[in-house]
Amino acid sequence: MTAKISYSDVEVGTELPAQTFPVTRDILVRYAGASGDFNPIHWNEKFAKEVGLPDVIAHGMFTMAEAIRVVTDWTGDPGAVVEYGVRFTKPVVVPNDDQGAVIEVAGKVAALLDDNTVRVDLTATCAGQKVLGMPRAVVRLA
């Protein structure tokens, strides 16, 4: 696959379509099975609270993966992501109700780089708080 976005069509400040991602307990259990990360802080409310968390929290890597979807959906090619990194700043707390939590992600082209690549800076929040610090991706465009 190749990115569907052309390097010549973007400039610094180009905004990517923002997205929201629901997170429920059943999603966390399925992610645990797929990833092999069965740490009880991600599914057992009693255990999470015993270790000082407010409730069950989403896996950091799950949160990171949801955030990069804004970029991969924009480019149309997950293989266009050359580099991606974040800092985990706040956990995504997932209550045991029908609503769960929602991760809101926005992105903006922050720099035009060499070889048809751009740096995209993301903002990922949940309940009004940033949950990822300095989420940045370098993406190769068409």
Side-chain angles (χ1 to χ4, degrees), residues 1-45 47-49 51-142:
M1 295 178 80
T2 304
K4 296 177 183 175
I5 304 293
S6 174
Y7 181 82
S8 61
D9 291 338
V10 300
E11 56 190 38
V12 171
T14 298
E15 293 188 16
L16 284 61
Q19 294 188 52
T20 59
F21 303 99
V23 187
T24 58
R25 296 277 180 95
D26 66 315
I27 289 172
L28 295 182
V29 169
R30 284 185 270 147
Y31 181 82
S35 69
D37 181 352
F38 293 101
N39 186 327
I41 65 172
H42 302 304
W43 57 270
N44 184 316
E45 185 173 333
F47 182 85
K49 288 181 176 183
V51 298
L53 295 169
D55 208 330
V56 164
I57 63 170
H59 303 72
M61 296 301 285
F62 172 83
T63 305
M64 187 178 177
E66 292 291 72
I68 196 66
R69 287 177 55 191
V70 167
V71 176
T72 60
D73 288 354
W74 176 65
T75 65
D77 178 11
V81 177
V82 175
E83 186 178 310
Y84 179 45
V86 306
R87 289 185 181 162
F88 301 110
T89 56
K90 296 239 186 245
V92 173
V93 178
V94 183
N96 190 20
D97 60 19
D98 293 339
Q99 304 299 316
V102 175
I103 301 169
E104 299 172 332
V105 184
K108 187 184 299 188
V109 174
L112 302 176
L113 308 172
D114 297 329
D115 198 25
N116 284 9
T117 59
V118 298
R119 189 186 87 218
V120 175
D121 290 354
L122 298 168
T123 303
T125 61
C126 181
Q129 295 191 356
K130 286 187 179 183
V131 294
L132 297 176
M134 296 181 47
R136 294 180 175 174
V138 174
V139 184
R140 181 163 288 112
L141 302 178

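Scored by the side chain to side chain donor-acceptor pair (under 3.5 Å) test, Thr117 finds no partners at all (sequence neighbours excluded). Under the side chain to side chain contact (heavy atoms under 4.5 Å, CB included) criterion, Pro78 pairs with Met1, Thr72, not counting sequence neighbours. Under the rule for a side chain to side chain donor-acceptor pair (under 3.5 Å), the partners of Gln19 that lie at least two apart in sequence or sit in another chain are Asp73. In this structure, the side chain to side chain contact (heavy atoms under 4.5 Å, CB included) partners of Asp115, at least two apart in sequence or on a different chain, are Arg140. Residues satisfying the salt bridge (Lys or Arg N to Asp or Glu O under 4.0 Å) criterion with Glu45, sequence neighbours excluded, are Arg25, Lys49. Shown here are the side chain to side chain contact (heavy atoms under 4.5 Å, CB included) partners of Thr125, two or more places apart in sequence or in another chain: Glu104, Thr123, Lys130. For Asp121, the side chain to side chain contact (heavy atoms under 4.5 Å, CB included) partners two or more places apart in sequence, or in a different chain, are Ala110, Arg119, Arg136.
Between Leu132 and Leu122, every side-chain heavy-atom pair lies at or beyond the 4.5 Å cut-off.
Taking each heavy atom of Pro91 and Val131 in turn, the nearest pair found is O-CG1, 4.2 Å. Heavy atoms only, all atoms of each residue included: Ala80 and Thr75 are closest at CB-OG1, 4.1 Å. In plain terms, the two heavy atoms of Asn116 and Ala142 that are nearest each other are ND2-O, 3.5 Å. For Pro95 against Ala101, the heavy-atom pair with the smallest separation is CD-N, 4.4 Å. Residues Pro17 and Val70 come closest through the heavy atom pair O-CG1, 3.6 Å. Taking all atoms of both residues into account, the shortest heavy-atom contact from Val105 to Ala124 is CG2-CB, 4.2 Å.
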Could you go through the side-chain hydrogen bond (donor to acceptor under 3.5 Å, both in side chains) check for Thr24 and Asp26 one step at a time? CA-CA 5 Å; Thr24 58; Asp26 66 315; 2.3 Å; yes
Verdict with supporting geometry, Ile57 and His42, side chain to side chain contact (heavy atoms under 4.5 Å, CB included): CA-CA 5 Å; Ile57 63 170; His42 302 304; 4.0 Å; yes
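When Ile68, Thr14, Val71, Val81 are each tested for a side chain to side chain contact (heavy atoms under 4.5 Å, CB included) with Val120, only one passes: Val71.
Among pairs with a residue in residues 87-103, none fulfils side chain to side chain donor-acceptor pair (under 3.5 Å), at least two apart in sequence or across chains. Judged as a ring-ring contact (aromatic ring centres under 6.0 Å, His included), the pairs with a partner in residues 22-41 (not counting sequence neighbours) are, in order, Tyr31-His59, Tyr31-Phe62. Here ring-ring contact (aromatic ring centres under 6.0 Å, His included) pairs that include residues 70-99, with residues two or more places apart or in two chains, number zero.
Going from atom CD1 of Ile41 over to atom CG of Leu28 covers 10.5 Å, rounded to the nearest 0.5 Å. Taken from CG in Asp37 to CH2 in Trp43, the straight-line distance is 11.5 Å, to the nearest 0.5 Å.
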Exercise answer: donor-acceptor pairs, residues 3-12 side-chain atoms, under 3.5 Å, sequence neighbours excluded:
residue: Ser6; atom: OG; partner: Ser8; partner atom: N; Å: 3.4
residue: Ser6; atom: OG; partner: Ser8; partner atom: OG; Å: 3.0
residue: Tyr7; atom: OH; partner: Leu113; partner atom: O; Å: 2.8

